Amino acid sequence: MDLELKDKRAVVLGASRGLGAAIAKELADEGARVLGVSRSPGEGLDWPMLAVDLAEPDAAKKIAAHARSELGGVDILVNNSGGPVPSTAHDTDASQMLEAAQPMLLAITELTRLVLPDMRAAGFGRILTVTSSGVREPIPGLALSNTIRAAVHGWMKTLAKEVAMDGVTVNLLMPGQVDTDRLRALHQNIADQAGVDREVIVSKAIENIPVGRIGEPREFGAVAAFLASPRASYVTGLEIPIDGGFLRS
């Protein structure tokens with residue numbers, strides 16, 4: 001299937017590794033012009049990178065300005081922020097919540113707002129936001145992530161209805177157990193607390209996944225590429241789990 005992505009201009013956050021890199025690769029392979037964004041510039045990638053930390057108050061403005069300068073605008077925006085440190089709800093104070101909200105909520109909603117006018121004027125736009133299955137079924141020990149990503153869902157789903165008539169779609173992708181550095185670190189943290197090898201935790205995780213394995217980043221990227229394409233013009237406002245059937249709700 002031709003996804004009709006040739007020469008579409010895409011900005012992918014967190015594109016130096018993990019799920020962001022997987023999405024950027026799929027888009028680039030389909031002919032899109034990709035600009036990656038990450039705290040570090042990354043090495044050996046097939047797309048140019050802009051080094052910006054989403055924790056900076058002016059991160060969104062920097063990214064939007066660079067995208068306009070380098071690409072002439074944005075057709076596809078992939079919001080993908082790193083996850084916060086593990087935390088419990090009863091030990092998370094207001095300062096920690098505000099610190100995590102800057103890169104995970106404020107930066108991506110502001111960046112989305114900044115690129116929207118050109119999308120609406122052109123009659124085409126794709127906004128994809130990577131969050132977590134914890135939005136639907138809160139993950140123990142990830143209170144900050146569960147809370148802030150739920151706020152992201154509320155904002156994006158509200159936006160989806162506002163811009164649908166303009167040819168702009170807005171969808172949310174909820175990864176489950178996908179093989180990334182982030183997942184390995186989370187598994188290791190759980191293993192350390194339990195005093196067992198990481199492989200024990202991985203095996204237990206797989207027991208709860210109907211397809212019987214951890215997902216591959218390329219599988220996640222392929223779903224994102226389709227939703228970013230003109231082919232997916234009738235798909236908007238959805239929260240899509242890519243988790244091998246893990247979520248029961």
Side-chain angles (χ1 to χ4, degrees), residues 1-54 56 59-82 103 107-131 156 167-173 175 178-182 216-233 235 240 242:
M1 177 187 292
D2 179 7
L3 293 184
E4 302 172 15
L5 284 168
K6 183 174 175 55
D7 294 330
K8 292 295 186 187
R9 302 163 298 179
V11 171
V12 181
L13 306 187
S16 63
R17 62 180 183 172
L19 298 180
I23 295 171
K25 184 178 189 314
E26 291 292 330
L27 294 176
D29 286 350
E30 290 290 335
R33 297 167 56 202
V34 175
L35 170 64
V37 180
S38 180
R39 281 177 294 183
S40 57
E43 297 179 1
L45 300 172
D46 295 330
W47 48 88
M49 292 290 297
L50 170 66
V52 172
D53 188 342
L54 294 180
E56 299 174 11
K61 290 181 179 178
K62 286 182 179 179
I63 296 167
H66 191 80
R68 180 173 290 279
S69 172
E70 294 298 311
L71 300 176
V74 179
D75 301 307
I76 300 162
L77 173 63
V78 179
N79 292 311
N80 175 42
S81 64
I108 65 172
T109 54
E110 179 65 4
L111 177 58
T112 301
R113 193 185 67 81
L114 290 174
V115 302
L116 266 176
D118 286 348
M119 290 182 176
R120 300 177 83 172
F124 178 89
R126 297 288 182 266
I127 297 166
L128 301 178
T129 302
V130 179
T131 60
M156 291 291 173
V168 179
T169 66
V170 183
N171 290 293
L172 296 127
L173 305 179
V178 181
D179 188 22
T180 62
D181 291 343
R182 165 74 170 170
E216 294 293 332
R218 61 180 177 78
E219 296 174 305
F220 190 92
V223 176
F226 170 71
L227 292 172
S229 76
R231 294 279 187 156
S233 58
V235 182
I240 302 171
I242 307 170

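What you see is a predicted model, and the numbers here were worked out from it, not measured in a lab.
Considering L111, T109, L173 as possible partners of N79, the one that fulfils the side-chain contact (heavy atoms from CB on, under 4.5 Å) test is L111. Residue I240 forms a side-chain contact (heavy atoms from CB on, under 4.5 Å) with just one option from L172, L227, L128, and that option is L227. The side-chain contact (heavy atoms from CB on, under 4.5 Å) test with I127 singles out one residue from V78, L116, I108, and that residue is L116.
R39 CZ: 12 or fewer foreign heavy atoms inside a 6.0 Å radius. Counting heavy atoms of neighbouring residues, nucleotides and ligands inside a 6.0 Å radius, atom CZ of R17 does not exceed 12 of them.
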Query raised in the report: Stepwise, does the side chain to side chain contact (heavy atoms under 4.5 Å, CB included) test hold for D46 with K25?
Result: CA-CA 8 Å; D46 295 330; K25 184 178 189 314; 5.6 Å; no
Report task. For T169 and R126, run side chain to side chain contact (heavy atoms under 4.5 Å, CB included): C-alpha distance rounded to whole Å, both residues' side-chain angles, the deciding distance at 0.1 Å, then the answer. Result -> CA-CA 5 Å; T169 66; R126 297 288 182 266; 2.9 Å; yes
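Salt bridge absent: E26 and R218 never bring a charged side-chain N and a carboxylate O closer than 4.0 Å.
In terms of heavy-atom proximity, A15 sits nearest to G36 at CB-CA, 3.6 Å. Of all the heavy atoms in A67 and V74, the pair that sits closest is CB-CG2, 3.7 Å. Residue L3 comes nearest to S229 through the heavy atom pair O-CB, 3.1 Å, listed as atom of the first residue, atom of the second, then distance. Contact record, M156 with V170: O-CG1, 3.5 Å, taken as the closest heavy-atom pair. Closest heavy-atom contact between R231 and D2: NE-O, 3.1 Å. Taking both residues in full, the closest heavy atoms of W47 and A21 are given as CH2-O, 3.6 Å, listed atom of the first, atom of the second, then distance.
Separating the CD1 atom in I63 from the CD atom in E110 is a distance of 11.0 Å, to the nearest 0.5 Å. In this structure, CG on L5 lies 10.5 Å from CZ on F226, to the nearest 0.5 angstrom. The distance from atom CE of M49 to atom CG of L35, rounded to the nearest 0.5 Å, is 8.0 Å.
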